[in-house]
> 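First, the structure itself, so that you have it in front of you.
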Amino acid sequence: MNASYSTDAQFIHPSILNADFMRIGEELDRIGTADSVHVDVMDNHFVPNLTFGPSMVEQIVERSPIPVDAHLMIADADRQAPVFAEAGASSVTFHAEAAAAPVRLARELRRKNTAAGIALRPATAVEPLLDVIGEFDMLLIMTVEPGFGGQSFLESMLAKVRRARAAISEANLQVSIQVDGGVSRETIERAAEAGANVFVAGSAIYRAQDAAAEISALRELAAAHSAH
Ligand code: DX5
Ligand code: ZN
């Protein structure tokens, strides 16, 4: 599936980084009403944490009732990202800081029928990317330093979201903007107003008693405050 997300709709992607890994099947079922499951791949090099490899992602793809959105926090994205497309992820997002040839890599992912995303750490500027942003299906603006769940949303990233959305609209492109880190009922409205349309939430959803209720609450807040 070439999951180019419609920029006219809001998408909720729970992050399983905050799930109970001993019960991963049930944890995937808990979020079955979400749009995609966000899988944080970390290599203990690009970030100081270690999570899933391609064979685990392949098993998650097989088991998950919804598509898999892989967020690669790994070095050497050029060589590694295609492996995650082959593992069956519907979208693969790699970090701009870790890719030598991001446009070539995005084209390779799209040739494999996978949506291509590019991610920016909080201190990475979006401007150098804007001339090539049409090569991607999604821009991920990190709203925490990548590496761990449960951190606080960086309000200062809203200006970056706004500038990116303005440039994408001006160029008449259909590129989604994803925000990841500290997204909750308290922060999702401002992210939606700024122009984000894909929302990753880890602890907000997995710490809720009723994950499905939390997913619909987040979706409704995002829709009510959408920049469109
Ligand atoms: C952080 C990850 C996020 C994280 C989000 O490096 O990319 O996806 O799991 O978790 P919360 O929503 O708890 O900030
Ligand atoms: Zn993530």
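Nothing here was measured: the structure is a model prediction, and the numbers come from that model.
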> Less than 4.5 Å apart, side chain to side chain, heavy atoms only: is that true for Glu97 and Thr124?
yes

> Is Glu170 atom CD crowded by more than 12 heavy atoms from other residues, nucleotides or ligands, each under 6.0 Å away?
no

> If you measure only the distance, is there a donor-acceptor pair under 3.5 Å linking the side chains of Gln178 and Asp69?
yes

> Test side chain to side chain contact (heavy atoms under 4.5 Å, CB included) on Leu139 and Ile133 and set out the steps.
CA-CA 8 Å; Leu139 167 66; Ile133 201 66; 4.2 Å; yes

> Measure the shortest side-chain to side-chain distance between Ile12 and Ile188 over non-hydrogen atoms and say whether it is less than 4.5 angstrom.
yes

> Would Arg207 and Glu214 count as a salt bridge (charged side-chain N to carboxylate O under 4.0 Å, His left out) if you check the C-alpha gap in whole Å, the side-chain angles of each, and the deciding distance to 0.1 Å?
CA-CA 10 Å; Arg207 281 185 203 152; Glu214 196 62 28; over 6 Å; no

> Would you check if the side chain of Ser64 reaches a backbone N or O of Val61 as a donor-acceptor pair within less than 3.5 Å?
no

> Could you check, using the six-membered ring where one of them is a Trp, whether Phe52 and Phe84 have ring centers closer than 6.0 angstrom?
no

> With salt bridge (charged side-chain N to carboxylate O under 4.0 Å, His left out) as the criterion, how do Glu193 and Arg190 come out once you've worked through the C-alpha distance, each side chain's angles and the decisive distance to 0.1 Å?
CA-CA 5 Å; Glu193 274 160 11; Arg190 292 194 294 287; over 6 Å; no

> Hey, does Met138 have a side-chain heavy atom less than 4.5 Å from the side chain of Ile177?
no

> Could you tell me whether Glu26 and Arg23 make a salt bridge, using a distance below 4.0 angstrom between a side-chain N and a carboxylate O?
yes

> With side chain to side chain donor-acceptor pair (under 3.5 Å) as the test, would you mind laying out the steps for Asn197 and Thr7 before giving the verdict?
CA-CA 6 Å; Asn197 66 306; Thr7 50; 5.6 Å; no

> Quick check on the hydrophobic clustering: are Val39 and Val198 connected, directly or via other members, by side-chain heavy-atom contacts under 4.5 Å?
no

> Counting only N and O atoms by type, is there a donor-acceptor contact under 3.5 Å from the side chain of Gln151 to the main-chain atoms of Phe148?
yes

> A side-chain contact here means heavy atoms from C-beta on lying under 4.5 Å apart; do Phe94 and Pro102 qualify?
yes

> Determine, for Phe46 and Arg121, whether the Lys NZ or Arg CZ falls below 6.0 Å from the six-membered ring centre while staying within 45 degrees of the axis.
yes

> Just by modelled atom types, is the Thr51 backbone N or O under 3.5 Å from a matching donor or acceptor in the Asp40 side chain?
no

> Hey, which of Ile74, Leu17, Leu72 is the one that makes side-chain contact (heavy atoms from CB on, under 4.5 Å) with Met42?
Leu17

> What's the separation between atom CZ in Arg163 and atom CD1 in Ile141, rounded to the nearest 0.5 Å?
8.5 Å

> Would the distance check show the side chain of Asp35 and the main-chain N or O of His13 forming a donor-acceptor pair, the cut-off being under 3.5 Å?
no

> Indicate whether the side chain of Gln174 and that of Ser6 have a donor and an acceptor atom separated by less than 3.5 Å.
no

> Measure from the side-chain N and O atoms of Thr143 to the backbone N and O of Asp180, and report whether any donor-acceptor pair falls under 3.5 Å.
yes

> In the structure I gave you, are the side-chain heavy atoms of Ser226 and Gln10 within less than 4.5 Å of one another anywhere?
yes

> Got a sec, which hydrophobics cluster with Val144, joining ILVMFWY side chains under 4.5 Å apart, including via others?
Leu140, Met142

> Does any N or O in the side chain of Arg110 come within less than 3.5 Å of the main-chain N or O of Glu135, such that one atom is a donor and the other an acceptor?
yes

> Given 3.5 Å as the limit, does a donor-acceptor pair link the side chain of Thr93 with the main chain of Ala116, or not?
no

> With no hydrogens and no angle check, is any side-chain donor or acceptor of Asp78 less than 3.5 Å from a backbone partner on Ala101?
yes

> Examine distances only and state if a side-chain atom of Glu27 and a backbone atom of Asp20 form a donor-acceptor pair shorter than 3.5 Å.
yes

